[in-house]
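Working notes for the structure below.
As the structure is a computational prediction, the values presented were derived from the model and not from experiment. The basis for the numbers below is simple: all heavy atoms, side chains too, and nothing from hydrogens, waters or symmetry mates.
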Amino acid sequence: MQQVLKNIKVSEIPTLIAQLGFSPEQEVNLTIEENSESLISIMDKVGKKAQAKGLTEDKLTELWLFGNCYANN
């Protein structure tokens, strides 16, 4: 049996193993992969989603100018 669990906190591992029905004496293979993304990769994803939804450089500039005018008043 192979189970893939994603976005698990390390502290949750013993509970999740028990919930999967493994006995405390049973041997299993466990692969751990760090789940951290860099700020740049997160911003790239946000940018791609925004572009897919119609955000253009002109709209972004307009929003920036509006925000600056609003913040200065």
Side-chain angles (χ1 to χ4, degrees):
M1 172 175 102
Q2 181 177 357
Q3 285 283 80
V4 177
L5 306 173
K6 295 188 176 192
N7 300 319
I8 304 302
K9 293 179 183 174
V10 173
S11 62
E12 298 172 335
I13 292 173
T15 303
L16 290 170
I17 289 174
Q19 287 175 357
L20 290 171
F22 295 111
S23 72
E25 301 303 314
Q26 187 173 354
E27 292 184 2
V28 297
N29 294 325
L30 177 65
T31 302
I32 296 177
E33 184 178 300
E34 188 176 358
N35 184 21
S36 62
E37 294 183 79
S38 70
L39 181 57
I40 292 173
S41 67
I42 293 170
M43 294 305 294
D44 284 344
K45 287 180 184 179
V46 169
K48 288 176 184 175
K49 287 182 180 181
Q51 287 176 346
K53 291 183 178 186
L55 182 65
T56 63
E57 191 171 332
D58 290 340
K59 288 180 183 178
L60 188 57
T61 301
E62 183 180 328
L63 289 170
W64 183 81
L65 290 172
F66 177 76
N68 279 341
C69 289
Y70 183 76
N72 292 330
N73 289 329

Task: Full working for side chain to side chain contact (heavy atoms under 4.5 Å, CB included) between L16 and Q19 - done: CA-CA 5 Å; L16 290 170; Q19 287 175 357; 3.5 Å; yes
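- More than 12 heavy atoms of other shown residues, nucleotides or ligands fall within 6.0 angstrom of atom CG in L65.
- Rounding to the nearest 0.5 angstrom, the gap separating the CG atom in D44 from the NZ atom in K49 is 12.5 Å.
- For Q26, the CD atom is densely surrounded, since the number of other residues' heavy atoms within 6.0 Å is greater than 12.
- From L63, atom CG reaches atom CG of N68 across 11.0 Å, with rounding to the nearest 0.5 Å.
- How far NZ of K59 is from NZ of K53: 13.0 Å, rounded to the nearest 0.5 Å.
- If you chain together hydrophobic residues whose side chains sit under 4.5 Å apart, I32 and I8 never meet in one group.
- A donor-acceptor pair under 3.5 Å is formed between the side chain of E12 and the backbone N or O of K9.
- With hydrophobic clusters built from ILVMFWY side chains whose heavy atoms lie under 4.5 angstrom apart, L30 does not share a cluster with F22.
- Hydrophobic clustering (ILVMFWY, side-chain heavy atoms < 4.5 Å, transitive): V46 and L55 are in distinct clusters.
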